[in-house]
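Everything below concerns the one structure shown next.
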2 protein chains.
Amino acid sequence: MRRKITLKDIARELDVSISTVSKALKNSEEIGRDTKEKVQAFAKLYNYKPNNIAVSLKNKHTKNIGVVIPDIVHHFFTTVFRGIEKYANSRGYNVIICVSDESFDKEVINMEMLANGSIDGFIMALSGETQLKNDYAHLKEVTNQGIPLVLFDRVTDEVNCDKVVLNDEEIAYEVVMKLINSGRKRIALFTTENFFNVSKNREDGYRKALMDSGIVVDEELILRLPFNENIDAIDPFFDKHTIDAVLAVNEIFAVHAMGVAQKKGMKIPDDISFIGFTNGMLSKYASPQLSSVAQHGDKMGEIAAKMLIERIEAEYKEDEEEEVVYRTEIIKGTLIERASTIN
Amino acid sequence: MRRKITLKDIARELDVSISTVSKALKNSEEIGRDTKEKVQAFAKLYNYKPNNIAVSLKNKHTKNIGVVIPDIVHHFFTTVFRGIEKYANSRGYNVIICVSDESFDKEVINMEMLANGSIDGFIMALSGETQLKNDYAHLKEVTNQGIPLVLFDRVTDEVNCDKVVLNDEEIAYEVVMKLINSGRKRIALFTTENFFNVSKNREDGYRKALMDSGIVVDEELILRLPFNENIDAIDPFFDKHTIDAVLAVNEIFAVHAMGVAQKKGMKIPDDISFIGFTNGMLSKYASPQLSSVAQHGDKMGEIAAKMLIERIEAEYKEDEEEEVVYRTEIIKGTLIERASTIN
DNA sequence: TATCAACACGAAACCGTTTTCGTAAGTCAA
DNA sequence: TTGACTTACGAAAACGGTTTCGTGTTGATA
């Protein structure tokens, strides 16, 4: 078992000082040709690689970014994560991921662990509990310490930082308009409790589209499924209400609802059409295939990572505390039309 | 912007030495009651938290584990990851994740980055390219350096380390037997190129089940879909061959195949039945619902993490290089029967 | 021959901890 | 009063790098 070789080892072996070795490996002008070549050859031979931890300690940055998300087994979050990881990697950053599991406490604990030097910045989507409690002290704490933070998808106005979100309200408005224009009149909304900013925004778009079309919003047609994604309430909903379209805030609600509707003898999309959010596997392989709003998670992740890394690397320069201006990047969702709406 | 407070700050402020502060915060017997209380109160007041990086450098362990997987937008890997993350977190470890994207080079680069002090151990599933090239020098390099490694799912005999895998051959044997016992005679296998150990093992189980039942294996009924999961070949397959059952090595192949079969007018499960691997969302929401082998990703991840952390923490004790014995843990898959096989 | 810059390198501080070891002051018994 | 222990703390090394600054040696110049 070969132990990793250090600068000190090289210095001892070659009978020069540690600083000389360090400089030689960085190709510093200060060091003579011969010495440089000797050191570099030796380092290559023994496969010397600087110890990340030591470099981090000295340089005060880790080249790690922390990602905190509510759930990892979830198509949208994984695509965002993939975008983050890809971009971060291309910039030489590694990604530490923590799952809050929709729990406020876990979110806090995870952030505290990472905030003590392990990472240079955070990218996160708020947990459900955090949005419910509306308590963002841990986020403010982190930004106060000067650690850059980028929020995506599940964001809040309460904290001042860069953000990247979907144009939830707009796209919901658009797709509902599309349903209305194709003749649908009784359009249900299957959503979650609306302390989630995304659900709330989509609902706003839904309401606005109806109102702008002269349709009064029937509150009965808004079905709020519980936090834990328990979908049992969908079946009875179809017994109680006659509807000709459904907008669901995610794939699962939509696909499950399609199953229920079909079981009750309705024809899709003749009798009823469906549109979901999150254009994932389910949308593609459901039958009929589900029309769905693509949220472009990859792009979202890439942009979030880019914003974060820019902040991180800007910090090295500006000692002068100029008033920082935070940006909110808005990604446009796109409706992918499939058999659940086209006939 | 409050900077983080250090031992040195506390020491200066309280007019004691750094070592005293350090010991006081660890409640060392060496330090007097008064001093301890004073230091602890001050530390709490200013919310002192030790710098992870400095502790890591000193203690030679990071409390980070590195996970390298081929893909993150993939139900099985995310469930394994969730298991790893959960267990690791409960033991105070953070998880750094790198995606190899099925690329050998990325796998190598990622591992090298992490191996230079960033992590205490690796958990990984081999990339497709790595299995194809059959080149494991980077893994051996890492284990040679004394970094513990646990391989899961996509493993190889070429490297000596702990492993956790599914009983692929056995479970494939079992489910094919089940198909045979329910009267199926022409059972197709939809698999990938078989440099993947899992595909190969499942194929072996499939062959063995047929042979043990006195059915000669018709090589024509084994469809090898390409690396990139391009599934176009499935449609023509149904035109060329008459079959009454399909075993697919993943959900996508199976669900897609069900769609094709239905389009060609076959009734599931009357005319043909389907069984897939990876009991994910697709299996549950396909129509008909797909019978699928649950791979228990969560459990696999948890066990992998447990094995790894045991190795890591054992290293601190045993200086004596007793001959280490590596274990291979085998998880039993379970067939979840649904409408694609039951009638 | 004395002066001086350029060159090539080393000493040492530093990042923030942990930990070993040394020691001053206090306590106690002889 | 002296010697032997405790007690309570500090100095310093160490982890593995980076970086600033100082300095001995050269060769060129006046």
Side-chain angles (χ1 to χ4, degrees), chain A residues 3-40 42-43 46-64 113 115-120 145-146 315-316, chain B residues 3-40 42-43 46-64 113 115-120 145-146 315-316:
Chain A
R3 233 191 66 265
K4 289 230 98 178
I5 192 176
T6 70
L7 285 188
K8 194 194 283 190
D9 298 328
I10 302 183
R12 187 179 354 91
E13 222 60 38
L14 261 40
D15 210 43
V16 291
S17 77
I18 293 180
S19 21
T20 301
V21 177
S22 176
K23 291 169 192 164
L25 291 175
K26 294 195 133 47
N27 234 320
S28 157
E29 290 307 321
E30 250 182 292
I31 306 298
R33 264 179 53 100
D34 300 0
T35 314
K36 272 204 279 198
E37 282 173 5
K38 190 175 59 174
V39 171
Q40 287 170 4
F42 190 92
Y46 286 92
N47 193 29
Y48 168 80
K49 295 278 165 48
N51 178 307
N52 292 156
I53 299 293
V55 175
S56 292
L57 180 58
K58 180 67 193 172
N59 292 349
K60 312 274 240 159
H61 59 249
T62 60
K63 286 269 183 178
N64 286 153
M113 282 204 58
N116 296 312
S118 299
I119 51 101
D120 296 339
Q145 283 172 25
E315 285 202 328
Y316 304 155
Chain B
R3 233 191 65 264
K4 290 230 101 177
I5 191 176
T6 70
L7 286 187
K8 195 193 284 190
D9 298 327
I10 302 183
R12 187 179 353 91
E13 222 59 39
L14 262 38
D15 211 43
V16 292
S17 76
I18 294 180
S19 19
T20 301
V21 177
S22 177
K23 290 170 193 162
L25 290 175
K26 294 195 134 49
N27 235 321
S28 158
E29 290 308 320
E30 246 183 292
I31 305 298
R33 260 177 57 98
D34 300 359
T35 314
K36 272 203 279 200
E37 282 172 6
K38 190 175 61 173
V39 171
Q40 287 171 3
F42 190 92
Y46 286 92
N47 193 29
Y48 169 79
K49 294 279 164 50
N51 178 308
N52 292 157
I53 299 293
V55 174
S56 292
L57 178 58
K58 180 66 195 172
N59 291 350
K60 310 276 241 161
H61 60 250
T62 60
K63 287 269 185 176
N64 286 153
M113 281 204 59
N116 296 312
S118 300
I119 51 102
D120 297 339
Q145 284 173 25
E315 284 203 328
Y316 303 156

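Letters A, B, ... mirror the listed sequences (proteins, then strands); counts begin at 1.
The distance between atom CD1 of B:I53 and atom P of C:dG16, rounded to the nearest whole Å, is 12 Å. Between B:K63 atom NZ and C:dT17 atom C1' there is a gap of 16 Å when expressed in whole angstrom units. Here C:dA13 presents its P atom at 14 Å from CD1 of B:I18, a figure rounded to the nearest Å. For the pair A:K4 NZ and D:dC15 P, the computed distance is 17 Å after rounding to whole Å. Rounded to an integer number of Å, the gap from CG of A:L25 to C1' of D:dT19 is 15 Å. Following rounding to the nearest Å, A:N27 (CG) and C:dA8 (P) show an atom-to-atom distance of 13 Å. For the pair B:H61 NE2 and D:dG16 C1', the computed distance is 17 Å after rounding to whole Å. Counting to the nearest Å, the P atom of D:dG17 and the CG atom of A:N52 are 10 Å from each other.
When distances run from any side-chain atom of A:K23 to the nucleotides D:dA11, D:dC21, C:dC15, the shortest one goes to D:dC21. In this structure, the nucleotide among C:dA11, C:dT19, D:dG16 sitting nearest to the side chain of B:L57 is D:dG16. Across C:dT18, D:dA11, C:dG16, the shortest atom-to-atom separation from the side chain of B:N59 is found for C:dT18. Of the candidates C:dG10, C:dC15, D:dC15, the closest approach to any side-chain atom of A:K8 belongs to D:dC15.
Within 4.0 Å (heavy atoms only), A:T6 reaches sugar-phosphate atoms of the nucleic acid but no base atom. Here A:T35 lies in heavy-atom contact (under 4.0 Å) with sugar-phosphate atoms only. Contact annotation for A:K26: backbone-only contact, meaning every heavy-atom pair under 4.0 Å involves sugar-phosphate atoms and none involves a base.
Projected onto DNA chain D by closest heavy-atom contact, A:S19 and B:R33 fall at different nucleotides, the more 5' of which corresponds to B:R33. Mapped onto DNA chain D by nearest heavy atom, B:K58 and B:D15 fall at different nucleotides, with B:D15 at the one closer to the 5' end. Between A:K36 and A:A54, the one whose closest nucleotide on DNA chain C sits nearer the 5' end is A:K36.
B:N51 places a side-chain N or O within donor-acceptor distance of the main-chain N or O of B:I53, the cut-off being under 3.5 Å.
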* **Residue pair B:T6, B:D9: steps toward the side-chain contact (heavy atoms from CB on, under 4.5 Å) verdict** => CA-CA 5 Å; B:T6 70; B:D9 298 327; 3.2 Å; yes
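With 3.5 Å as the limit, one finds no donor-acceptor pair spanning the side chains of B:K63 and B:N52.
Of all heavy-atom pairs between A:A11 and A:S17, the closest is CB-C, 3.8 Å. The shortest non-hydrogen separation linking A:K23 to A:E30 is NZ-OE2, 3.5 Å.
Side-chain N/O atoms of B:S17 include none lying less than 4.0 angstrom from OP1 or OP2 on D:dA11. One finds no side-chain N or O of B:K60 lying less than 4.0 angstrom from the OP1 or OP2 phosphate oxygen of D:dA14. Contact between the side-chain N/O atoms of A:Y48 and the OP1/OP2 oxygens of D:dG17 is found at a separation under 4.0 Å.
Under the side chain to side chain contact (heavy atoms under 4.5 Å, CB included) rule, A:V16 has a single partner from A:I31, A:I10, A:V21, which is A:V21.
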